[in-house]
Each structure stands twice: as C-alpha cells, then as structure tokens.
A.B. asks: 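Pasting a structure here, questions to come.
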Amino acid sequence: MLAVLMGPPGAGKGTQAERIAERFAMTHLSSGDIFRAEKSSGSELGKQIAAVMARGELVSDALVVEIMVKAIQSVEGGLLLDGFPRTLPQAEVLDGMLGDSGLSVDAVILITADDETIVKRITGRRSCPQCGKAFHVDYMPSAKGTFCDACDGEVRLVQRDDDSESVVRQRLEAYKGQTEPVIDYYQQRDGVTVIVVDGEQSPEEVTASISQELSKLAG
Ligand code: AMP
C-alpha cells in the first residue's frame, strides 16, 4: 500500500506515521526528517535547506523532488510518505514517477487541527539533544524541568529552531497556501481514498481511526 500522510505542522503526523508504518509494515519516509539529517551533516546543501526551514518557508520543488525521488526509489514494499508531496508540482511529479512503475497513491490520510492548538503544541515542543526523547512543556514535561529526565546529569532540552511562534505561523501560511490545494487534487483523483481524521483527539484515538480505515483498504 502507498499512503500519504497530510496535515498542518503539529497535527501529529510524525507520531502517527511511526505507529501506522509499524502496524501496516510500511516504510516511513519523512521529508522533514531527511532535510534535518542533511542540515545536521553540515553539507553545503544542508546549509541552504537550514536557512529556508528557519524562515518557515518551503524548500524549492526542484530540490525536494530530487531528494525525495531518490529516497522513494530505494524503498521496496509498502510506503508511508509524511510531509511529501506538499505542493501541486510535487504531487504531479510523484504521480508521474509512480505511474511509470505502474503504481499510484492508494490513500491520503489527512489529520486536521485548529491553528491555535497547533501553535500551542509546537511552541511547547522540546527534545533531548543526547537521547532524542521528546517532551512538551505543558502536556509532557520532563521530571527534571528543563533537563532531560532520561539522561544522567544535566542535559538541557532544546527547541527546534523552526518551532518559535512566528515561524510556526509562517509554516501555517505555507500549509494553507501551498499544501491545501494538494488535498483537493487527491480528492478529485479516481482510485485515491482520502481519510480525514480529527487530530484534536488523543493520539491513541487518532491511531485507531486511521487503522480502522486503512484496514478496509488493505482488506
Ligand atoms: P516538517 O518536519 O515536515 O514540518 O518539515 C520541516 C520543514 O522542512 C518545512 O517547514 C519545510 O521548510 C521543509 N520541508 C519538508 N518537507 C517539504 C516539502 N515536501 N516541500 C518543501 N519543503 C519541505
């Protein structure tokens, strides 16, 4: 099965992607994770991407397509795309590429959430730079305050530099202007099942709703 996970930043795509990919034996490919890895590598390309991400804007279609096409071609079997495609040109390239191999997108999973919920969720996110554990200042605080409670000593938690309020609002603008049209595009395509799930429910409820609908397709 080939599914695309969509939704505004902070809707819970990352959490759901991991669970759904495991449950349905799919490979999870996150464009955001791939770009963050490139950024951490310190390469020239990583520096260019970092500057765009820090502004909350979208990386250029040409670059995204180049990187994602390679990543997708390296996967065999079920695939869960998270964060790609995010613009109409990206969706068209994906369809063309899949079509060449006799494949197509089977399902689009759209997780929705209100703007203010998103801003609160994202600006409170923190993580440990040493072990990677994720926290939220209100919903999942560390027992050691601003330090990681899973690591020995005092490892200070960090915030993603595109998780500040002004950048989150810019990311929401990019989502509404450039990514929402992709949802309409898939809604109008034959053979694609669009599953809409309320991301304001608990993460467990969201997983259950998505699983129920995907099971029907996997049938
Ligand atoms: P994410 O972790 O999915 O929120 O992605 C973080 C940032 O990476 C976004 O704000 C964009 O700057 C960039 N990005 C990720 N995926 C894409 C994409 N498909 N097209 C353009 N930019 C992207």
Side-chain angles (χ1 to χ4, degrees), residues 5-18 28-61 63-64 67-68 81-87 90 110-151 153-183 198-203 206:
L5 192 54
M6 297 189 68
K13 296 191 295 296
T15 307
Q16 296 303 328
E18 279 174 24
H28 169 209
L29 271 190
S30 153
S31 49
D33 285 352
I34 292 174
F35 296 154
R36 277 184 286 280
E38 190 67 48
K39 179 178 148 184
S40 306
S41 78
S43 69
E44 224 14 77
L45 180 62
K47 284 182 195 149
Q48 283 174 34
I49 291 176
V52 178
M53 284 172 78
R55 292 195 297 270
E57 294 168 6
L58 294 186
V59 176
S60 76
D61 285 334
L63 197 55
V64 173
I67 294 176
M68 292 307 292
L81 290 171
D82 161 13
F84 175 85
R86 232 165 165 124
T87 64
Q90 291 178 19
L110 171 63
I111 308 179
T112 61
D114 178 81
D115 282 9
E116 295 319 305
T117 304
I118 287 165
V119 171
K120 193 152 192 276
R121 278 187 188 170
I122 296 190
T123 54
R125 292 202 294 213
R126 300 289 182 275
S127 66
C128 172
Q130 192 163 290
C131 72
K133 184 172 175 186
F135 298 90
H136 189 283
V137 291
D138 297 318
Y139 311 135
M140 216 199 297
S142 165
K144 281 165 62 178
T146 55
F147 301 108
C148 180
D149 58 18
C151 289
E154 296 194 334
V155 183
R156 193 174 288 282
L157 301 178
V158 293
Q159 182 178 32
R160 241 170 78 173
D161 50 12
D162 59 346
D163 277 355
S164 66
E165 179 165 351
S166 61
V167 178
V168 172
R169 296 211 182 266
Q170 176 56 45
R171 286 162 67 196
L172 274 170
E173 283 307 302
Y175 177 76
K176 287 178 189 164
Q178 292 164 274
T179 308
E180 282 186 348
V182 180
I183 301 165
D198 177 5
E200 308 246 354
Q201 304 174 91
S202 72
V206 175

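Everything quoted here is computed from the prediction, not taken from an experiment.
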A.B. asks: Kindly compute the distance separating CD1 (I111) from CD (Q16), expressed to the nearest 0.5 Å.
C.D. replies: 5.0 Å
A.B. asks: Pairs in or reaching into residues 49-59: which pass salt bridge (charged side-chain N to carboxylate O under 4.0 Å, His left out), with residues at least two apart or in two chains?
C.D. replies: R55-E57
A.B. asks: Residues in side-chain contact (heavy atoms from CB on, under 4.5 Å) with D61, at least two apart?
C.D. replies: T87, P89, Q90
A.B. asks: Do V52 and L63 come close enough that some side-chain heavy atom pair is under 4.5 Å?
C.D. replies: no
A.B. asks: List for me each residue that meets salt bridge (charged side-chain N to carboxylate O under 4.0 Å, His left out) alongside R36, sequence neighbours excluded, and say none if there are none.
C.D. replies: D33
A.B. asks: Shortest non-hydrogen contact from R86 to L58?
C.D. replies: NE-CD2, 3.7 Å
A.B. asks: Please table the atom pairs, donor to acceptor, closer than 3.5 Å between any side-chain atom in residues 129-140 and protein atoms at least two apart or in another chain.
C.D. replies:
residue : atom : partner : partner atom : Å
K133    : NZ   : D149    : OD1          : 2.9
H136    : ND1  : D138    : N            : 3.0
H136    : ND1  : Y139    : N            : 3.2
H136    : NE2  : K120    : O            : 3.1
H136    : NE2  : R121    : O            : 3.1
Y139    : OH   : K120    : NZ           : 3.3

A.B. asks: State whether the side chain of K13 and the backbone N or O of G83 hold a donor-acceptor pair below 3.5 Å, judged by distance alone.
C.D. replies: no
A.B. asks: Does the pair K39/E44 count as a salt bridge with the N-to-O cut at 4.0 Å?
C.D. replies: no
A.B. asks: Does the salt bridge (charged side-chain N to carboxylate O under 4.0 Å, His left out) test come out yes or no for E173 and R169, once each step is laid out?
C.D. replies: CA-CA 6 Å; E173 283 307 302; R169 296 211 182 266; over 6 Å; no
A.B. asks: Please give me the minimum heavy-atom distance between G14 and H28, naming the atom from each residue.
C.D. replies: O-CE1, 4.5 Å
A.B. asks: Quick check: do I67 and I49 have side-chain heavy atoms less than 4.5 Å from each other?
C.D. replies: yes
A.B. asks: Taking the side chain as every heavy atom from C-beta outward, state whether D163 and R171 have any atom pair closer than 4.5 Å.
C.D. replies: yes
A.B. asks: Provide the closest heavy-atom pair for D162 versus M53 in the form atom of the first, atom of the second, distance.
C.D. replies: CB-O, 3.4 Å
A.B. asks: Minimum heavy-atom separation for V155 and C128, please, with both atom names.
C.D. replies: CG1-SG, 3.8 Å
A.B. asks: For R156, enumerate each residue passing the side-chain contact (heavy atoms from CB on, under 4.5 Å) test, keeping only those at least two apart in sequence or located in another chain.
C.D. replies: T146, F147
A.B. asks: Are V64 and F84 close enough that some pair of their side-chain heavy atoms sits under 4.5 Å apart?
C.D. replies: yes
A.B. asks: Identify the two heavy atoms, one from P8 and one from L172, that lie closest to each other, and give their separation to 0.1 Å.
C.D. replies: CB-CD2, 4.1 Å
A.B. asks: Holding to side chain to side chain donor-acceptor pair (under 3.5 Å), I want the full list of residues that pass it with T117, two or more places apart in sequence or in another chain.
C.D. replies: E200
A.B. asks: With side chains defined as the heavy atoms from C-beta onward, is the minimum distance between S127 and R160 less than 4.5 Å?
C.D. replies: no
A.B. asks: Using a 4.5 Å cut-off on heavy atoms from C-beta on, say whether the side chain of D161 contacts that of V167.
C.D. replies: no
A.B. asks: Any idea which heavy atoms bring S164 and T123 closest together, and the distance?
C.D. replies: C-CG2, 4.1 Å
A.B. asks: Just verifying a value: how many Å separate L81 CG and L29 CG, rounded to the nearest 0.5 Å?
C.D. replies: 6.0 Å
A.B. asks: Are M68 and I34 close enough that some pair of their side-chain heavy atoms sits under 4.5 Å apart?
C.D. replies: yes
